[in-house]
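These notes are about the structure you will find just below.
Sequence lines set the chain letters: A, B, ... in the order given, protein chains first and strands last, and positions in each chain run from 1.
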Amino acid sequence: MAKIVKIKDIADYAGQVVRVRGWVYSRTGKGRLQFILLRDGSGQAQCVAFKREMDPAEFETARALTQESSVIITGAVRADERAPGIPGGYEIGIQSLELVQQALEYPISPKEHGTEFLMNNRHLWLRSNRQWAILRIRATIIKAMRDWLDSEGFLLVDTPIFTPAAGEETTTLFEVDYFGEAAFLAQTGQLYNEANSMAFGKVYCFGPTFRAEKSKTRRHLIEFWMLEPEIAFCSLEELMDIEEGLVTYVVGQVLDKHQQELKMIERDVQKLEAIQAPFARISYDDAVARLQGLRQQADDLPAREEIAIEWGEDFGSPQETALAEMFDRPVFVYHYPTAVKAFYMTPVAGRPEVCRSVDLLAPEGYGEIIGGSERIHDHDLLAKNIDEMGLGREAYEWYLDLRKYGTVPHAGFGIGIERTVAWICGLNHVRETIPYARLLNRKYP
RNA sequence: UCCGUAGUAGCUCAAUUGGCAGAGCAAUCGGCUGUUAACCGAUCGGUUCUUGGUUCAAGUCCAAGCUACGGAGCCA
């Protein structure tokens, strides 16, 4: 019995007879010669069926294979520069072929399809080359983030999905019935992270978060994954160092491990190679001034209106894009107006109208991929903010406790996985960065 | 929620002034010993998003609705 091998490894078996198991990605024939492009999840290899080298019944089976039929193929590996595949260059001369199932008419043909159709068939679309490449890069991005944090002394500490109260705004919560009481799906793990950081020093959580926002854009999901580090005894400047280290490591790992996938999705690799420390760090004041200056230079009126901004306003996506385009790598914008940021962010000493917050804007119009801040560690100020926001003191008693028992300056941030994947892969929508996107109008499949 | 665009075969699209519902791909059958989204011949394939209206006649015109896509706000 021939050895079962992964298609990605077949080059190691040149001249040997192996067994591969997978699905027919495509088939073309020339009569007594059939080319079967087989994928097995690890890669794709061309398997060649010659009528005179096979059992006649098995050849007929090969000749009739439909797209996505499942088969087990035994044959000899040989180098052939004409052979397509992933990685390609080697093919298998079929000696025998066992049909597991003859697939019914497969909905996703090699021709182009519309978004709605593809999303309705997401469970099958995942089998396509482009999706295969993107989701492998996603896995590497997540692994690289965790590897880097682990190596820097962070501890993974999980935070709950069911929560009794809001993390940020109360308008974007999913309410669920918790044995007769209201509970909410987590929109951040941050408050728990703060408690955990007081126990373990440097922590992070990684999991899904939920926001019931009625936003329908290329960068929003209802359910998205976020990685959130939190560090005790940390300043905003030190936080930026950490973010910079994390992001450059992640991009480096993708470049290191996924040249093949980046090529498949036609990503401009040079743009990624430019992602090196240090990233520019500009204040909100400076950012507003730059945007206003840019606006005066803008020729056409619509463009001018788009990036219009007054001090005190948060950036919309046109402003974020315009700012990011001034740099060839991500840019930090710090000290946002306190009024547009969350209740737990520390005011700047002597200038309480701005706070110790920092966003990281990705290049090429991908917008904010990280939001972070120094957290308020003074009990009375935090309590005052909670009251003023009308959040209800009861649900936050435990959070205020952290400021009673050995409070320390601390900071943390959240990085959105899907936006990061979209940026690194150069995609125009986050829906392809997650296996099953949850969007405003979609929860199927 | 607001603004804009679209909905025709399984998929991607066409259909002139309101006048017989079309093509490519997929599927099925046949042919072909090096295909790269192969090619050649044939077959199969329709609630033209829904409801109502105008008309001798509606895919096309009118009204309402539904769905999707793109953008905005908000955010990671």
Side-chain angles (χ1 to χ4, degrees), chain A residues 25-37 44 46-54 59 63-64 66-68 78 80-85 88 91 93 102-121 124-125 128-129 167-169 171-172 187-190 208-228 302 305-306 313-321 340-342 359-362 366-372 413-423 428-431 433-434 439-442:
Chain A
Y25 195 70
S26 66
R27 177 185 59 79
T28 69
K30 266 203 99 171
R32 275 164 267 187
L33 179 62
Q34 297 288 323
F35 301 96
I36 296 155
L37 190 57
Q44 291 176 2
Q46 175 163 276
C47 301
V48 184
F50 272 101
K51 186 168 187 179
R52 69 179 182 196
E53 291 174 357
M54 291 176 65
F59 180 81
R63 205 174 65 85
T66 50
Q67 192 183 352
E68 289 302 319
R78 59 183 177 238
D80 190 317
E81 60 186 19
R82 293 168 298 185
E91 65 181 19
Q102 178 80 357
L104 303 181
E105 185 177 338
Y106 192 65
I108 301 178
S109 70
K111 290 279 183 176
E112 69 271 24
H113 298 283
T115 302
E116 184 183 9
F117 174 79
L118 289 170
M119 288 304 286
N120 283 338
N121 289 284
L124 302 176
W125 189 21
S128 299
N129 279 344
E168 294 173 13
E169 299 297 316
T171 51
T172 59
Q187 55 181 192
T188 172
Q190 186 209 310
T209 53
F210 307 88
R211 300 199 180 170
E213 286 166 0
K214 301 216 169 176
S215 43
K216 214 168 60 171
T217 79
R218 66 179 65 187
R219 47 176 83 163
H220 283 86
L221 292 167
I222 300 301
E223 174 183 312
F224 68 98
W225 289 68
M226 188 157 60
L227 183 134
E228 298 175 274
E305 285 311 304
E306 240 192 359
E313 295 172 347
D314 204 355
F315 301 126
S317 36
Q319 287 88 359
E320 278 184 359
T321 301
V340 302
K341 288 293 183 183
D359 285 355
L360 184 67
L361 307 183
Y366 285 94
E368 182 187 347
I369 55 171
I370 296 182
F413 64 91
I415 178 164
I417 301 300
E418 288 76 19
R419 285 190 186 175
T420 303
V421 176
W423 162 50
N428 65 7
H429 201 295
V430 291
R431 65 183 156 229
T433 66
I434 185 167
L439 301 161
L440 188 54
N441 293 314
R442 176 170 300 281

TODO: Report, as a single string ordered 5' to 3', how protein heavy atoms within less than 4.0 Å touch nucleotides 35-47 of chain B: B base, S sugar-phosphate only, - not at all.
DONE: BBBB---------

Task: Contact pattern, 5' to 3', of nucleotides 64-70 of chain B - B, S or - by protein heavy atom under 4.0 Å - done: ---SSBS

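Nucleotide U35(B) has no partner under the Watson-Crick or G-U criteria, as no pair reaches both atom distances under 3.5 Å. Summarising the base pairing, U1(B) is matched to A72(B) through a Watson-Crick or G-U wobble pair whose two defining distances lie under 3.5 Å. The partner of C29(B) is G41(B), judged by Watson-Crick or G-U wobble contacts that both fall below 3.5 Å. When both distances must be under 3.5 Å, the Watson-Crick or G-U wobble mate of U17(B) does not exist. The pairing partner recorded for U12(B) is A23(B), the criterion being a Watson-Crick or G-U wobble arrangement whose two distances lie under 3.5 angstrom. Base pairing of A64(B) is made with U50(B), judged by Watson-Crick or G-U wobble geometry with both donor-acceptor distances under 3.5 Å.
For D314(A), taking side-chain heavy atoms from C-beta onward, the closest of the listed nucleotides U1(B), U33(B), C75(B) is C75(B). Ranking G30(B), A76(B), U33(B) by closeness to the R63(A) side chain, first place goes to G30(B). Candidate nucleotides G34(B), A27(B), G73(B) were compared by shortest atom distance to the side chain of F50(A), and G34(B) ranks first.
Applying the side chain to side chain contact (heavy atoms under 4.5 Å, CB included) test to A362(A) and every residue at least two apart in sequence or in another chain returns Y366(A), I369(A), W423(A). Residues passing the salt bridge (Lys or Arg N to Asp or Glu O under 4.0 Å) test with R442(A): none are found, sequence neighbours excluded. For D314(A), there are no side-chain hydrogen bond (donor to acceptor under 3.5 Å, both in side chains) partners two or more places apart in sequence or in a different chain. Residues passing the side-chain hydrogen bond (donor to acceptor under 3.5 Å, both in side chains) test with E68(A), sequence neighbours excluded: R39(A), R127(A).
At A72(B), one or more side-chain N or O atoms of S317(A) fall inside 4.0 Å of OP1 or OP2 (strictly under the cut-off).
One donor-acceptor pair, N or O on each side, does fall under 3.5 Å between the base of C75(B) and the side chain of H220(A).
Although no hydrogens or angles enter the test, the distance criterion places no donor-acceptor pair under 3.5 Å between the side chain of Y25(A) and the main chain of I36(A).
Atom CD of E320(A) is separated from atom P of A72(B) by 11 Å (rounded to the nearest Å).
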